[in-house]
Amino acid sequence: MHVVEGAPLGAAELSRIDAYWRAANYLSVGQIYLMGNPLLREPLLPEQVKPRLLGHWGTTPGLNLIYAHLNRIIAARRQQMIYVTGPGHGGPGLVANVWLEGTYSEVYPRISRDETGMGRLFTQFSFPGGVPSHVAPETPGSIHEGGELGYSLSHAYGAVLDNPDLVAVCVIGDGEAETGPLAASWHSNKFLNPAGDGAVLPILHLNGYKIANPTVLARIGDGELDALLRGYGYEPYLVAGDDPEAVHQLLAATLDTVFDRIAAIQHAARDGGSTDRPQWPVIVLRTPKGWTGPKQVDGVPVEGTWRAHQVPLSAARDDAAHLAALREWMLSYRPDELFDAAGAPQPSIVDWLPTGELRMGANPHANGGAHPRDLELPDFREYGVKAGDTAEATRVLGGWLRDVVKANEKYRNFRLVGPDETESNRLGAVLEATDKVWEARIDPVDQHLGPHGRVMEILSEHTCQGWLEGYLLTGRHGLFSCYEAFVHIVDSMVNQHAKWLKVTRKLSWRKPIPSLNYLLTSHVWRQDHNGFSHQDPGFIDHVMNKKAEVVRVYLPPDANTLLSVADHCLRSRNYINVIVAGKQPEPTLLDIDAAALHCARGLGIWDWAGNDDGEPDVVLAAAGDVPTLEVLAATDLLRRHLPELKVRVVNVVDLMRLQPTSEHPHGLPDPEFDAIFTTDRPVIFAYHGYPWLIHRLTYRRTNHPNIHVRGYKEEGTTTTPFDMLVLNDMDRYHLVMDVIDRVPGLARRAAVLRQQMVDKRAEHRAYVRRTGEDLPEVRDWAWNRPA
Ligand SMILES: Cc1ncc(C[n+]2csc(CCOP(=O)(O)OP(=O)(O)O)c2C)c(N)n1
Ligand SMILES: [Mg+2]
């Protein structure tokens with residue numbers, strides 16, 4: 001690893017940067033411990049220490065050190081910069097820095113830059129009614145929570161895509177670096193274009209420890225670590241030490257060098273036309289965990305060990321020795337030199353800091369984006385398919401997305417991400433307008449790879465998700481297309497993003513960000529190639545647990561409804577939109593205007609399919625493309641064999657409509673729900689996913705006792721499309737049996753038909769096992785009743 005020689009800081013600069021660092025450390029410790037006497041100008045009393053000591057000290061001095069030195073770089077170079085805190089548990093550090101630079105008091109005037117404000121700053125931290133212990137949406141300048149470790153580097157990369165003037169400095173915990181998502185995301189440098197994108201400066205914070213263990217990267221030796229980082233395509237710079245003065249000089253010299261290096265790489269690509277993949281710099285910062293904190297507590301070493309992770313003097317309120325040690329520790333930062341009589345930072349501490357929007361807490365990139373704009377969306381109606389025609393829904397969508405890419409090319413604000421599946425998911429038309437971005441070697445056999453593409457494919461769903469989140473959090477737009485079963489890999493990341501959105505909704509200063517849009521295709525019912533391992537519709541259930549105001553789930557039944565739903569989602573902000581749609585050839589059920597209307601309703605009666613004249617004997621409902629066709633096929637059978645039976649067909653596009661208005665903003669009012677689903681007739685509901693969800697959503701409805709749901713019940717294998725339905729009892733024959741079983745009086749009257757349905761299922765079973773394909777009457781079935 002490179003070690004940069006030199007001592008670029010003059011005595012005055014060294015002293016002010018160290019004073020700033022001491023101030024940030026003082027304010028961090030104060031937040032963890034104190035609820036009174038913030039400047040320690042009086043003797044420290046036990047009751048001035050918080051009763052519950054909650055927070056993380058260990059990572060904080062390192063975060064503060066980096067922040068201090070980045071301020072120097074920003075001020076000297078007027079560099080647009082944001083700070084991504086991988087060890088987000090170092091929350092007090094980031095809050096301390098944005099308070100020092102003034103942003104915090106601008107956003108939260110109650111927390112003024114004086115003694116009163118400092119007292120409130122301390123008390124509110126990890127305190128009921130206050131702010132969380134982690135870097136959080138409440139922290140100005142942050143796009144990254146950091147509570148769940150692993151996503152910092154992919155967020156940082158996402159933020160700088162198409163932001164050529166921006167540098168995202170990403171502090172990565174050495175423990176965090178052990179996570180799968182972080183490990184994969186080093187490869188983001190093969191997808192970053194030095195001409196059109198900004199830069200990420202990863203700083204691996206090698207403080208040696210996690211909560212209770214050493215970290216792998218701290219114990220493999222410099223040689224292996226150097227080889228690892230070089231293997232990932234980076235050029236490592238080591239900053240190591242435990243003497244503040246020496247580390248200040250070394251870090252300053254190293255940052256000067258690496259920012260020169262970043263500028264040189266960008267210059268070569270932008271002005272020199274270089275197309276070589278650069279080796280971007282990475283800094284390895286090896287300083288003690290809990291540096292400047294208590295060296296020993298109760299006779300055991302703390303500074304420089306895992307014991308420094310949380311709160312070193314955990315009994316400060318009850319134990320006089322701990323209390324005295326806390327006071328001594330805080331006074332070691334010499335607060336009298338740092339804050340004036342009123343409790344404001346001394347001018348010398350802050351007069352050299354960047355100002356205005358160059359402050360990392362106030363950078364507009366970290367709050368909705370520097371130049372947010374809506375997407376230009378071509379009129380989806382012009383891409384509609386004629387009703388009755390067969391279409392692959394996602395292929396039709398691909399044509400529209402291609403033109404979305406074209407229409408927004410000049411704004412450079414739209415990206416498609418996915419794990420290697422854009423073409424498999426039949427969105428390949430977008431590749432007529434753009435490439436898949438690729439900065440590594442390109443061979444003649446490769447197709448559609450190039451250094452400037454808008455499509456990003458890496459076989460790491462975590463990295464896809466992280467990139468897209470970073471991109472959205474900085475005000476741009478995108479879509480994640482993924483196999484339905486494997487999107488579960490990012491369940492946990494979705495949780496975190498949903499939490500972020502929920503909290504930001506309550507923060508009036510946070511600007512709304514474009515929605516996180518998923519297109520889940522290659523879904524459970526049509527895994528013809530892959531079978532059981534690829535069959536799992538449970539992501540919907542996962543997402544439905546999130547706050548209603550944040551999540552939306554759409555199940556468009558055909559190509560035209562998919563177009564309408566996608567248009568809606570790409571216009572929206574602050575949501576997580578999940579669209580589930582098939583890619584196989586299927587009939588187009590609604591013309592484009594009817595599709596738009598149906599999607600606007602979210603749920604509706606298809607009077608063209610039923611014959612109920614307002615008095616149904618049974619309601620056949622469906623949500624999802626495959627279930628919808630099966631319901632139509634069942635309706636067809638019923639109308640042929642039991643023409644006197646009054647059938648109502650209902651289709652649900654927007655799953656949230658099923659809930660009461662009290663539970664979800666899209667919820668259908670009870671009277672409307674009762675009118676559509678009746679209050680007393682059986683409802684046979686064919687649903688795309690696990691059936692229990694429909695019960696959860698409708699359990700408060702009047703007619704819930706009569707709702708019978710068919711869906712995926714974890715029966716699957718590599719078999720024919722219709723066999724999948726039979727295996728899960730959602731086939732047309734079983735739906736007809738369900739109707740006969742549920743409609744009073746039918747059991748006897750339709751006993752012969754029911755028997756035929758049982759026989760059909762047996763015939764089907766024998767036929768597919770003999771021939772390998774579905775019965776001709778199933779394969780060739782089409783809805784051919786007049787609309
Ligand atoms: C994915 C995940 N797993 C576990 C945790 C619990 N946790 C919080 S901090 C921490 C140790 C982090 O160590 P490191 O990244 O080295 O941070 P630092 O030493 O800077 O505190 C762990 C395991 C978490 N926050 N996220
Ligand atoms: Mg660590």
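Throughout, numbering of the chain's residues begins at 1 and tracks the sequence. Each ligand, and each atom within it, is numbered from 1 in the order the structure gives.
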Practice task
Going by the side chain to side chain contact (heavy atoms under 4.5 Å, CB included) test, name the single residue among Gln31, Met35, Met118 that passes it with Thr123.
Solution key: Met35
Practice task
Would you check whether Thr215 has a nitrogen or oxygen atom less than 3.5 angstrom from a nitrogen or oxygen atom of ligand 1?
Solution key: no
Completion exercise
Looking only at non-hydrogen atoms, the one of His56, Glu178, Glu176 nearest atom 15 (O) of ligand 1 is Glu176
Exercise for the section: Specify side chain, backbone, both or neither for Asp174, according to which of its non-hydrogen atoms lie closer than 4.0 Å to ligand 1. Expected result: both
Practice task
Pick whichever of Lys289, Gln496, Lys210 has a heavy atom sitting closest to atom 19 (O) of ligand 1.
Solution key: Lys289
Exercise for the section: State whether Arg286 and Asp222 are salt-bridged, where the test is any N-O pair (Lys NZ or Arg NE/NH1/NH2 against Asp/Glu carboxylate O) under 4.0 Å. Expected result: yes
Practice task
Note the single closest protein heavy atom to atom 12 (C) of ligand 1, along with its residue, its atom name and the distance in Å.
Solution key: Leu149 CD1, 3.6 Å
Completion exercise
Taking only non-hydrogen atoms of Glu148 and a 4.0 Å limit, the atoms of ligand 1 in range are 1 (C), 26 (N)
Exercise for the section: Assess Thr215: does it contribute an N, O or S atom lying under 2.8 Å from the Mg ion (ligand 2)? Expected result: no
Handout entry: Cationic N near anionic O, under 4.0 Å, Arg72 to Glu13
Key = yes
Exercise for the section: Give a yes or no on whether a salt bridge exists between Lys210 and Glu178, defined as a side-chain N under 4.0 angstrom from a carboxylate O. Expected result: yes
Fill in the blank from the handout: Among non-hydrogen protein atoms, atom 22 (C) of ligand 1 lies closest to Ile211 CD1, 3.5 Å
Handout entry: Any N or O of Tyr209 closer than 3.5 Å to N or O of ligand 1
Key = yes
Problem - Contacting atoms of ligand 1, where contact means under 4.0 angstrom from a heavy atom of Gly147 - result: 24 (C), 25 (N), 26 (N)
Handout entry: Atom pair CG/CG of Leu53 and Leu313 - distance to nearest 0.5 Å
Key = 9.0 Å
Handout entry: atom 17 (O) of ligand 1 [closest protein heavy-atom partner, distance rounded to 0.1 Å]
Key = His89 NE2, 3.5 Å
Handout entry: Asp174 atom (N/O/S) at minimal separation from the Mg ion (ligand 2)
Key = OD1
Practice task
Determine, for Arg359 against Glu101, whether the closest basic-nitrogen to carboxylate-oxygen distance falls under 4.0 angstrom.
Solution key: no
Handout entry: atom 20 (O) of ligand 1: nearest protein contact (heavy atom, Å)
Key = Thr59 OG1, 2.7 Å
Fill in the blank from the handout: Between the CD1 atom in Ile82 and the NE2 atom in His144, the distance rounded to the nearest 0.5 Å is 11.0 Å
Problem - Rounded distance [0.5 Å steps], CH2 in Trp467 versus CG in Leu153 - result: 10.5 Å
Exercise for the section: Using the side chain to side chain contact (heavy atoms under 4.5 Å, CB included) rule, pick out the option among Leu192, Val258, Leu201 that qualifies with Trp280. Expected result: Leu192
Handout entry: NZ or CZ of Arg22 within 45° of Tyr333 ring axis and under 6.0 Å
Key = no
Handout entry: Under-4.0 Å heavy-atom contact between protein and atom 4 (C) of ligand 1
Key = no
Problem - N-O pairing of Glu303 and Lys289 below 4.0 Å - result: no
Fill in the blank from the handout: Per-atom filter on ligand 1: closer than 4.0 angstrom to a heavy atom of Gly175 are 13 (O), 14 (P), 15 (O), 16 (O)
Exercise for the section: May I ask you to check whether Tyr209 brings an N, O or S atom to under 2.8 Å from the Mg ion (ligand 2)? Expected result: yes
Exercise for the section: Measure from the Mg ion (ligand 2) to each N, O or S atom of Glu176 and report whether any distance is below 2.8 Å. Expected result: no
